[in-house]
Amino acid sequence: MKIVSAPLGVRVVLRSLVAQMWWGLSTLLCLLPFGLAVVIAGTSSKRGHHMADGLARFWSGLMLRVAGIEVVVDGLENIDSNKTYVLVA
């Protein structure tokens with residue numbers, strides 16, 4: 001008996017489709033609760049803005065982990081913690 005596997009092109013398309021479905025599902029599952037919590041916290045009070053910032057940071061880190069993205073920072077020792085920066089990638 002001979003086992004036949006799918007051609008390489010079909011495997012690549014299927015792998016891409018599964019990855020896109022995983023990303024879409026995980027985005028929805030994270031977006032709904034965290035997005036709603038950030039909006040509610042951000043509009044509630046002055047203290048809520050700090051909570052919204054923390055939730056947004058946690059949510060973005062969670063999304064990066066779900067996507068399998070590793071964040072690498074070069075030159076972090078040159079950042080002064082007493083100053084404000086705008087980082088653009």
Side-chain angles (χ1 to χ4, degrees):
M1 180 182 292
K2 185 177 180 183
I3 298 174
V4 179
S5 64
L8 180 62
V10 173
R11 284 184 278 171
V12 170
V13 169
L14 288 176
R15 184 178 301 157
S16 175
L17 181 63
V18 168
Q20 289 177 2
M21 288 172 59
W22 166 249
W23 176 249
L25 180 63
S26 61
T27 300
L28 282 176
L29 291 177
C30 290
L31 177 66
L32 295 174
F34 283 106
L36 185 61
V38 166
V39 168
I40 291 171
T43 58
S44 63
S45 67
K46 189 171 187 170
R47 184 174 167 211
H49 290 290
H50 294 293
M51 188 186 324
D53 184 46
L55 283 169
R57 288 173 187 259
F58 179 77
W59 175 41
S60 62
L62 179 65
M63 293 303 298
L64 289 172
R65 275 183 250 123
V66 166
I69 298 171
E70 180 183 358
V71 177
V72 178
V73 179
D74 291 329
L76 189 60
E77 66 277 359
N78 299 322
I79 301 288
D80 183 3
S81 62
N82 297 322
K83 292 184 179 178
T84 303
Y85 297 92
V86 176
L87 303 177
V88 180

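Nothing here was measured: the structure is a model prediction, and the numbers come from that model.
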Taking only residues two or more places apart in sequence, or in another chain, which ones meet R15 in a side-chain hydrogen bond (donor to acceptor under 3.5 Å, both in side chains)? none
Examine F34 and V39 and state if one hydrophobic cluster contains both, with Ile, Leu, Val, Met, Phe, Trp and Tyr joined whenever side-chain heavy atoms are less than 4.5 Å apart. no
Joint hydrophobic cluster, L29 plus M21, side-chain heavy atoms closer than 4.5 Å: no
Could you give all pairs that pass the side chain to side chain donor-acceptor pair (under 3.5 Å) test and reach residues 56-82, with sequence neighbours left out? D53-R57
Measure the spacing between CG of L36 and CG of L55 and express it to the nearest 0.5 Å. 10.5 Å
Show the nearest heavy-atom pair for residues P33 and L28, with the distance to one decimal. CD-O, 4.4 Å
Quick one: do L62 and M51 end up in the same hydrophobic cluster if we chain Ile, Leu, Val, Met, Phe, Trp and Tyr together by side-chain heavy atoms under 4.5 Å apart? yes
Y85, V72: one ILVMFWY side-chain cluster at the under-4.5 Å cut-off? no
